[in-house]
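Could you have a look at this structure, given as structure tokens, before my questions?
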Amino acid sequence: LAELANQSTNIGRLFETANNLDAAAEKYREVLAINQRLSALQPKKPQWRSEIGYANNNLGKLAVSRGKLLEAAKYYQTDLSIKQELSAADPKNNAARDELATALLFTAKIRNQIGDSAKALEDANAALLLLDQLVRFDPSQSSYKYMTALGKKSMAVILLDLGRAPEAATSNQQSLRLFAELLRVEPGNLRRRLRQFDGQLLAANIALELGSRREAVRLAREVRSCLE
């Protein structure tokens with residue numbers, strides 16, 4: 001059953017890449033049903049609960065792609081509840097805490113998109129607190145720093161939407177410094193480079209909110225020149 005779930009997940013991702021969202025959703029629902037069955041058969045094995053969370057997360061991403069944000073929020077909340085449960089059951093498990101931080105960032109983003117920015121800010125703060133602890137525990141783990149950079153950027157977006165542009169600027173600058181640090185180690189990491197560009201464009205938007213049109217134009221041109 002576990003192998004079938006893995007195969008269905010991979011097929012679902014292929015459908016998603018091909019923009020066949022209905023077929024992808026069907027596969028992810030199959031994965032969810034399989035892992036629910038495995039969890040019922042082996043209730044003491046946390047892996048299946050975690051996999052149920054991942055299946056909900058995948059369905060949430062599809063719902064976002066379809067513009068169904070409220071539906072996505074429900075899937076992400078289910079994933080978050082499971083990750084909170086697993087982390088509470090094993091508080092010294094850094095992998096579980098990392099998964100919880102990731103789930104919190106997903107809920108933070110979707111809550112901000114549906115207009116619940118205050119709750120989104122709480123989730124983002126909780127995620128960053130966890131990630132700070134993980135970075136302190138293992139500074140050599142680049143994935144923790146990468147997620148922190150994403151979290152700082154998400155925080156900046158939320159703060160900007162709340163009308164707190166100066167704080168948004170600070171959070172985004174922290175994010176950009178982390179991306180720069182990561183790219184010094186892996187300059188060829190395209191995914192991280194693109195995330196950095198997103199942050200630079202966000203910096204331009206923040207500059208506009210702060211009334212600095214010249215700085216916003218400079219930042220936008222800088223990104224464009226890097227992409228050409």
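In this chain, numbering begins with 1 at the start of the sequence shown.
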Problem set entry | Pairwise distance OG1(T102) to CE(M147) - rounded to 0.5 angstrom |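 Here the rounded value is 3.5 Å.
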Problem set entry | Heavy-atom donor-acceptor pair, S171 side chain to E167 backbone, under 3.5 Å |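 Pair absent, no side-chain N/O of S171 close to backbone of E167.
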For this session: Using the rule that two of Ile, Leu, Val, Met, Phe, Trp, Tyr join whenever any of their side-chain heavy atoms come within less than 4.5 Å, decide whether L134 and L129 are in one cluster.
Result: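 No, no single cluster joins them.
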Exercise. Do L210 and P166 have side-chain heavy atoms sitting under 4.5 Å apart?
Worked result: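 Counting from C-beta outward, L210 and P166 do come under 4.5 Å.
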Exercise. Within 45° of the axis and under 6.0 Å from the centre of the six-membered ring of Y28, does NZ or CZ of K61 qualify?
Worked result: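 Negative - K61 is either too far from the ring of Y28 or too far off its axis.
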Problem set entry | Distance (rounded to the nearest 0.5 Å) between L104 CG and S154 OG | 11.5 Å
For this session: Please check if L69 and Y76 belong to a single hydrophobic cluster, counting links between Ile, Leu, Val, Met, Phe, Trp and Tyr side chain heavy atoms closer than 4.5 Å.
Result: yes
Problem set entry | Whether N172 side chain and A168 backbone form a donor-acceptor pair below 3.5 Å | no
For this session: Using the rule that two of Ile, Leu, Val, Met, Phe, Trp, Tyr join whenever any of their side-chain heavy atoms come within less than 4.5 Å, decide whether Y75 and L70 are in one cluster.
Result: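 No.
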Exercise. Do R193 and Q196 have side-chain N/O donor and acceptor atoms under 3.5 Å apart?
Worked result: yes
Problem set entry | Any side-chain heavy-atom pair of L121 and R164 under 4.5 Å | yes
For this session: Take S117 and D161 through the side-chain hydrogen bond (donor to acceptor under 3.5 Å, both in side chains) test and state the conclusion after the steps.
Result: CA-CA 8 Å; S117 296; D161 288 344; 5.2 Å; no
Exercise. If we only count heavy atoms from C-beta on, is the L100 to L80 side-chain gap below 4.5 Å?
Worked result: yes
Exercise. So which heavy atom on I82 is nearest to which on G53, and how close?
Worked result: CD1-N, 3.7 Å
For this session: Find the distance between CG (L62) and CD (E16) and round it off to the nearest 0.5 Å.
Result: 4.5 Å
Problem set entry | Of N189, L183, L182, the residue whose pairing with E186 passes side chain to side chain contact (heavy atoms under 4.5 Å, CB included) |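 Of all the options given, the one that passes is N189.
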Problem set entry | Single-linkage hydrophobic cluster I11~L4, side-chain heavy atoms < 4.5 angstrom |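 Shared cluster, no.
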Seminar exercise, completed: Nearest heavy-atom approach of S65 to L21 is CB-CD1, 3.9 Å
Seminar exercise, completed: Heavy-atom closest pair (I110 atom, A72 atom, distance to 0.1 Å) is CD1-CB, 4.0 Å
For this session: Can you measure from OG (S175) to CG (L150) and round to the nearest 0.5 angstrom?
Result: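 Going from the OG atom of S175 to the CG atom of L150 covers 7.0 Å.
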Problem set entry | salt bridge (charged side-chain N to carboxylate O under 4.0 Å, His left out) assessment of K27 paired with E30 | CA-CA 5 Å; K27 282 297 173 184; E30 284 180 13; 3.3 Å; yes
For this session: Check whether the side chains of Q200 and R195 place a donor and an acceptor atom closer than 3.5 Å, and report yes or no.
Result: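 Side-chain D/A pair, Q200 to R195: absent.
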For this session: Tell me, with the steps shown, if Q77 and T107 meet side-chain hydrogen bond (donor to acceptor under 3.5 Å, both in side chains).
Result: CA-CA 7 Å; Q77 181 58 50; T107 56; 5.7 Å; no
Exercise. Going through the distances and angles, do N94 and D138 end up as a side-chain hydrogen bond (donor to acceptor under 3.5 Å, both in side chains)?
Worked result: CA-CA 10 Å; N94 285 336; D138 186 1; over 6 Å; no
Exercise. Hey, mind stepping through K153 and D198 against salt bridge (charged side-chain N to carboxylate O under 4.0 Å, His left out) and telling me if it holds?
Worked result: CA-CA 9 Å; K153 178 177 173 291; D198 285 343; 5.0 Å; no
Problem set entry | Straight-line distance of N56 CG to R29 CZ, nearest 0.5 Å | 11.5 Å
For this session: Determine, for Y146 and R192, whether the Lys NZ or Arg CZ falls below 6.0 Å from the six-membered ring centre while staying within 45 degrees of the axis.
Result: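 Yes, a cation-pi geometry holds between R192 and Y146.
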Problem set entry | Value rounded to 0.5 Å, distance of OG in S87 from CG in D98 |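 These two atoms lie 10.5 Å from each other.
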Problem set entry | Test item: R49 side-chain N/O and L86 main-chain N/O as donor-acceptor pair under 3.5 Å | no
For this session: Output yes when a side-chain donor or acceptor of S39 lies under 3.5 Å from a complementary backbone atom of N35, and no otherwise.
Result: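 It does not hold such a pair.
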Problem set entry | Test item: D132 and T148 side chains (from C-beta on) under 4.5 Å apart, heavy atoms |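 No - every pair of side-chain heavy atoms lies 4.5 Å or more apart.
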Exercise. Is it the case that more than 12 heavy atoms not belonging to R66 sit under 6.0 Å from its CZ atom?
Worked result: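 Yes, CZ of R66 has more than 12 neighbouring heavy atoms, counting only those of other groups under 6.0 Å.
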Problem set entry | Side-chain heavy-atom pair E215, L219 within 4.5 angstrom cut-off | yes
Problem set entry | Side-chain heavy atoms of F197 within contact of R224, under 4.5 Å |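 A side-chain contact is absent here, since even the closest heavy-atom pair is not under 4.5 Å.
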Problem set entry | Side chain proximity check, L160 to L202, heavy atoms < 4.5 angstrom | yes
Exercise. Are I34 and W48 in one and the same hydrophobic cluster, where Ile, Leu, Val, Met, Phe, Trp and Tyr link if side-chain heavy atoms are under 4.5 Å apart?
Worked result: yes
Problem set entry | Verdict with reasoning, E181 to R184, per salt bridge (charged side-chain N to carboxylate O under 4.0 Å, His left out) | CA-CA 5 Å; E181 177 185 334; R184 280 195 294 271; 5.1 Å; no
Exercise. Which heavy atom in A101 sits nearest to a heavy atom in L131, and how many Å separate them?
Worked result: CB-CG, 3.8 Å
Problem set entry | Heavy-atom pair with the smallest gap, counting every atom of L128 and K152 | CD2-N, 3.8 Å
Exercise. Could K74 and E71 be called an ion pair, given the rule that one side-chain N must be under 4.0 Å from one carboxylate O?
Worked result: no
Exercise. How close do E209 and A165 get, heavy atom to heavy atom, and via which atoms?
Worked result: CB-CB, 4.1 Å
Exercise. Is it the case that more than 12 heavy atoms not belonging to R218 sit under 6.0 Å from its CZ atom?
Worked result: yes
